[in-house]
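Structure first, then comments.
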Amino acid sequence: MIRETSVRRFLRGGSEGNARLTGLTGLVLLVLLAVEGVTILDIRPLLSVHVFVGLLLIPPVALKLAVTGYRFVRYYARAAEYVRKGPPLLLMRMLVAPGLIAATLVVFGTGVTLLAVGPGGGIVLALHQASFFVWLVAFGVHVLAYALRVPGLVAADLGRGPRASGAALRFGVVALALLVGLTVALAELPAAGPWLHWSGGHG
């Protein structure tokens, strides 16, 4: 009972707060992923930006997985308010979400590994590229299914709709994820030196 109270105190707002944190995190990810997508269009001269944004994305992506995972666990644990909100769409729950999560883990895992192994990553580079195409399809379906909900969820915590408690905490958690991501990106970008030389980025 004490543990449940402390968890709810941290995730203020219950299922509605969870939905709003998911929406806010999703909006941040959409913006960062759009920047990352632009770099792919001309990867060699934009490789440093690609690596930097990719590293910056890791903590917000982890936050999104944690928040949606929490909702998943609470729903299947039959928590009343999560059950009342209902499950995700069947197609998303059974097919798209597992594929998106798996592809996300592989894309970021292989991306970080490529920094360690350097140019000529061979099978790792092939996995990174292949998993990206799987991720792109799954992410596209995900965006089509949920994007229209995001503005309302974010606007509600900006005071344009009924407020759920913990709005400041939600913004703080997302800001912290971005700060950690920025720290990781700044610390690890030098590891991309060999790739930047290979691409002509230090040319």
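Residue numbers run from 1 in the order of the sequence given.
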Q: Mark yes when over 12 heavy atoms from residues, nucleotides or ligands other than L148 sit less than 6.0 Å from its CG; otherwise mark no.
A: no

Q: Go through the structure and list residues passing side chain to side chain donor-acceptor pair (under 3.5 Å) with S131, not counting sequence neighbours.
A: none

Q: Please check if L46 and F52 belong to a single hydrophobic cluster, counting links between Ile, Leu, Val, Met, Phe, Trp and Tyr side chain heavy atoms closer than 4.5 Å.
A: no

Show me the donor-acceptor pairs, under 3.5 Å and distance only, between side chains in residues 171-186 and residues at least two apart or in other chains.
{"from": "T183", "atom 1": "OG1", "to": "L179", "atom 2": "O", "distance (Å)": "2.9"}

Q: Please list, chain by chain and in numerical order, all residues satisfying ring pair (Phe, Tyr, Trp, His ring centres under 6.0 Å) with F133, sequence neighbours excluded.
A: none

Q.
Counting C-beta onward and ignoring hydrogens, is there a side-chain heavy-atom pair between E81 and E16 closer than 4.5 Å?
A. no

Review item, side-chain donor-acceptor pairs of residues 96-110, under 3.5 Å, at least two apart:
{"from": "T104", "atom 1": "OG1", "to": "L100", "atom 2": "O", "distance (Å)": "2.7"}
{"from": "T104", "atom 1": "OG1", "to": "W135", "atom 2": "NE1", "distance (Å)": "3.3"}
{"from": "T110", "atom 1": "OG1", "to": "V106", "atom 2": "O", "distance (Å)": "2.6"}
{"from": "T110", "atom 1": "OG1", "to": "V107", "atom 2": "O", "distance (Å)": "3.1"}
{"from": "T110", "atom 1": "OG1", "to": "H128", "atom 2": "ND1", "distance (Å)": "2.9"}

Q. Within a strict 4.5 Å, meaning less than it, do heavy atoms of the W195 and V51 side chains meet?
A. no

**Q.** Hydrophobic cluster membership, L125 vs L136, 4.5 Å side-chain cutoff
**A.** yes

Q. With the 4.5 Å side-chain cut-off for hydrophobic clustering, are V137 and L144 part of the same group?
A. no

Q: Quick one: list whatever passes side chain to side chain donor-acceptor pair (under 3.5 Å) with Y146, sequence neighbours left out.
A: none

(Q) Using side-chain heavy atoms (C-beta onward) and a distance below 4.5 Å, is V67 in contact with N18? (A) yes

Q: Check the pair L115 / L55 against side chain to side chain contact (heavy atoms under 4.5 Å, CB included), numbers first and verdict last.
A: CA-CA 10 Å; L115 290 182; L55 291 167; 4.0 Å; yes

**Q.** R74 to F72, cation-pi by 6.0 Å centre distance and 45° axis angle
**A.** no

Q: Could I get the full list of side chain to side chain contact (heavy atoms under 4.5 Å, CB included) partners for A62, not counting sequence neighbours?
A: none

Q. Do V112 and I58 come within less than 4.5 Å of each other through their side chains, counting heavy atoms only?
A. yes

Q. What is the minimum heavy-atom distance between D157 and A167, and which atoms define it?
A. OD1-CB, 3.5 Å

Q) Is there a path of hydrophobic side-chain contacts, each under 4.5 Å between heavy atoms of I, L, V, M, F, W or Y residues, that connects L114 with V134? A) no

Q | I40: partners by side chain to side chain contact (heavy atoms under 4.5 Å, CB included), with sequence neighbours left out | A | H50, F132

Q.
Could you measure the distance from the CG atom of L63 to the CG atom of L21? Nearest 0.5 Å is fine.
A. 5.5 Å

Q) Once you round to the nearest 0.5 Å, how far does CG of L158 lie from CG of L153? A) 11.0 Å

**Q.** hydrophobic_cluster_shared for V35 and L33, side chain cutoff 4.5 Å
**A.** yes

Q) Which residues pass the side chain to side chain contact (heavy atoms under 4.5 Å, CB included) test with V143, sequence neighbours left out? A) L30, F139, A147

Q | Contact summary for K85 and A19, nearest pair of heavy atoms | A | CE-CB, 4.3 Å

Q.
Which heavy atom of Y70 sits nearest to which heavy atom of Y82, and what is that distance?
A. CE2-OH, 3.3 Å

Q. For K64, which residues count as a side chain to side chain contact (heavy atoms under 4.5 Å, CB included) partner, sequence neighbours excluded?
A. T22, T25, L29, T68, H142

